[in-house]
K.L.:
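Below is one structure. I have some questions about it.
The shown structure was predicted, so the numbers you read here are calculated from the model rather than taken from an experiment. Below, chains carry the letters A, B, ... as their sequence lines are ordered, and counting in each starts from 1.
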Protein chains: 2
Amino acid sequence: MATREARGLGQPRGEGHDGGRAAHGRPDAPPCPAEAPEALRGERRDAAENRRRILAAARALFAERGVDAVSMNQIARAAGIGPGTLYRRYAHKGLLCQGLLEENTGRFREETAARLAPGPAAGPALARLEAVLLRLIAFNEENAPLLGAIADAACGDRRGAIYGGPLYQWLYRIVLATVEEALAAGELAPLDAAWLADALLAPLAIDLYLFQRHERGFTPERIAAAVRQFLASLRAGQPVA
Amino acid sequence: MATREARGLGQPRGEGHDGGRAAHGRPDAPPCPAEAPEALRGERRDAAENRRRILAAARALFAERGVDAVSMNQIARAAGIGPGTLYRRYAHKGLLCQGLLEENTGRFREETAARLAPGPAAGPALARLEAVLLRLIAFNEENAPLLGAIADAACGDRRGAIYGGPLYQWLYRIVLATVEEALAAGELAPLDAAWLADALLAPLAIDLYLFQRHERGFTPERIAAAVRQFLASLRAGQPVA
DNA sequence: TTGACAAGTGGAGGAGGCTCCACTTATTCT
DNA sequence: AGAATAAGTGGAGCCTCCTCCACTTGTCAA
């Protein structure tokens, strides 16, 4: 009765969420390469049930009214739980959308991993990079509303949260590794690999992508073609001049 | 008394701000290349006085507590006006920050214009492009807090507002024109100029820039060097392969 | 089985953001 | 000059987000 205060106050609000999986505070769990969204380890049965209800309610409301028009309170009401319970599991709407997205991410991760898996024996690194970026365009198209909502939530004290989130980190690591292979193989002129990995992903960030699609009128095909030409231009043509 | 209802309801909330300059609704004013922030055309004297007070109060509070910790209501109180008046002039905090930023933008615009002005006779287009991007890094450094707040305000129904805002549009036009010159001069392999202009600016977007600076630990010098190498890599080396 | 404790739950309420509209004030036209 | 008109003003209030904390429930060890 008094012991709980220590935890409640000692960790006031500092992103104490571990990216969606709460559970019995294991200090450093393994990275979980392709964890199934259901049956989180050590999660209490009632909590699991509520998580399912939350995601189902959110999915239904989002489909019915659009992601932006649905508030956290509405989701809680539709799921039949109190707002406090909802916020305990998903500290804000962005994390909820991330949870929802993880159910869609499977195919994206599998396809990308398959394309990349064979390692240096699977054709030039730049070609693999191209495949990842083109797949990312398709992913943007499929998940634009959720991705948009996740981006929206990265406001204020959460600015830049996207770049620390699981999806971007995973993409970044993949792109960085492939860029480094390309550099090692002499496919690229000398470049700052860590910066380049961000720079290659930045033009496909959801905000800009949606602006180009809807305000500039670009089609996904045009964007894909532009990315292809762009990567081709980066191919090392001269030693360094 | 009844005539006003028509306007008040007919234009419920649709970005009715024209980027900071309210005033006597002239339909299509000229682009205003380098308009002074004071003495807006046709603005009533009391409105001008309030605008000055708002900007002064905002600047003071931002300096004292940080941009993120100051609410619109606090600014209104400090300026000695009602919240309604504040919101009439700046429909949200992002536009207020834009207004504040315009007071700083002068030197940036002048230096950039000067570097670009001589036209095709002032060295290779790619070198001018590099100068613009490097200057943008310095601009990011100088104005990070305001730029961050502007980015934060581009949430929800205002997603992507940055790309429609005056600063980005100006940058985009400049970069696009220079890219087109570089293409015409054969300095670049064939590329989609309109997409490339966005793609060159995207890695310097304030969100990613601040993440790299603070989470990845990049220095401005490292970022500048990376941009330089990057542009060098784009230089046309081979016809098209 | 049973008891102790950690994790989970719900909802009332504080805290702002933003709006609406009746009133005030500057400008302009005759 | 002075009246008509359109722009500008202020603040009460609505509405939603998010937090806090007393209570409930599941789990595990003895």
K.L.:
For A:G84 and for A:Q74, find the nucleotide of DNA chain D with the closest heavy atom, then tell me which residue's nucleotide is more 5'.
P.N.:
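It is A:Q74 whose nearest nucleotide is closer to the 5' end.
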
K.L.:
Could you tell me the separation between the OH atom of B:Y90 and the C1' atom of C:dC18, rounded to a whole number of Å?
P.N.:
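Going from OH in B:Y90 over to C1' in C:dC18 covers 18 Å.
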
K.L.:
Could you check which of D:dA12, D:dC18, C:dT9 has an atom nearest any side-chain atom of B:P83?
P.N.:
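From the listed options, D:dA12 comes nearest.
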
K.L.:
Has B:R216 got its NZ or CZ under 6.0 Å from the middle of the six-membered ring of A:Y172, at an angle within 45 degrees of the ring axis?
P.N.:
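Judged by the rule, B:R216 and A:Y172 form a cation-pi pair.
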
K.L.:
Taking A:L204's backbone N and O only, do any of them form a donor-acceptor pair with A:N140's side chain (distance below 3.5 Å, no angle check)?
P.N.:
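It does hold such a pair.
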
K.L.:
Just N and O in the side chain of B:T85: are any of them under 4.0 Å from OP1 or OP2 of D:dG10?
P.N.:
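B:T85 to D:dG10 OP1/OP2: side-chain N or O found under 4.0 Å.
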
K.L.:
Please give, in whole Å, the distance from C:dA26 C1' to B:R51 CZ?
P.N.:
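Value for this atom pair: 16 Å.
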
K.L.:
Calculate the interatomic distance between B:L86 atom CG and C:dC20 atom C1'; express it in whole Å.
P.N.:
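Rounded to the whole Å, the gap is 16 Å.
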
K.L.:
Could you tell me how far apart A:M72 (CE) and C:dG10 (C1') are, to the nearest whole angstrom?
P.N.:
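Atom-to-atom, A:M72 to C:dG10, this comes out as 15 Å.
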
K.L.:
Roughly, in whole Å, what's the span from CG in B:L96 to C1' in C:dC18?
P.N.:
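The answer, rounded to whole Å, is 14 Å.
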
K.L.:
Would you mind checking if B:E49 and B:R52 are paired as a salt bridge, meaning a charged N to carboxylate O distance below 4.0 Å?
P.N.:
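Looking at B:R52 and B:E49, the cut-off is met.
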
K.L.:
Report the relative orientation of the aromatic rings in A:Y163 and B:F211; use parallel for angles under 30°, tilted for 30 to 60°, perpendicular for over 60°.
P.N.:
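If you compare the ring of A:Y163 with that of B:F211, the planes turn out tilted.
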
K.L.:
Kindly point out which of C:dG8, D:dG10, D:dC18 is positioned nearest to the side chain of A:A47?
P.N.:
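Closest nucleotide to the A:A47 side chain: C:dG8.
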
K.L.:
When you compare the side chain of A:L136 with that of A:V132, does any pair of heavy atoms fall below 4.5 Å?
P.N.:
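Heavy-atom side-chain distance check fails, nothing below 4.5 Å.
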
K.L.:
In whole angstrom, give the distance that lies between atom CZ of B:R77 and atom P of C:dA15.
P.N.:
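After rounding, the reported distance stands at 13 Å.
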
K.L.:
Would you mind reading off the distance between B:K93 atom NZ and C:dG16 atom C1', rounded to a whole angstrom?
P.N.:
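To the nearest whole Å, that distance equals 12 Å.
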
K.L.:
Between P on C:dG8 and CZ on A:R53, what's the gap in Å once rounded to a whole number?
P.N.:
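Roughly 15 Å, once rounded to whole Å.
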
K.L.:
Kindly say if B:N50 contacts the phosphate of D:dG8, meaning a side-chain N or O under 4.0 Å from OP1 or OP2.
P.N.:
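No, because none of the side-chain N or O atoms of B:N50 sits under 4.0 Å from OP1 or OP2 of D:dG8.
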
K.L.:
For C:dG17, does either OP1 or OP2 sit under 4.0 Å from a side-chain N or O belonging to B:S71?
P.N.:
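Yes.
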
K.L.:
Measure from the side chain of B:R88, starting at C-beta and using heavy atoms only, and say which of C:dG8, D:dT9, C:dC18 lies closest.
P.N.:
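It is D:dT9.
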
K.L.:
Are any of A:R45's side-chain N or O atoms less than 4.0 Å away from OP1 or OP2 of D:dT27?
P.N.:
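True: A:R45 side-chain N/O within range (under 4.0 Å) of D:dT27 OP1/OP2.
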
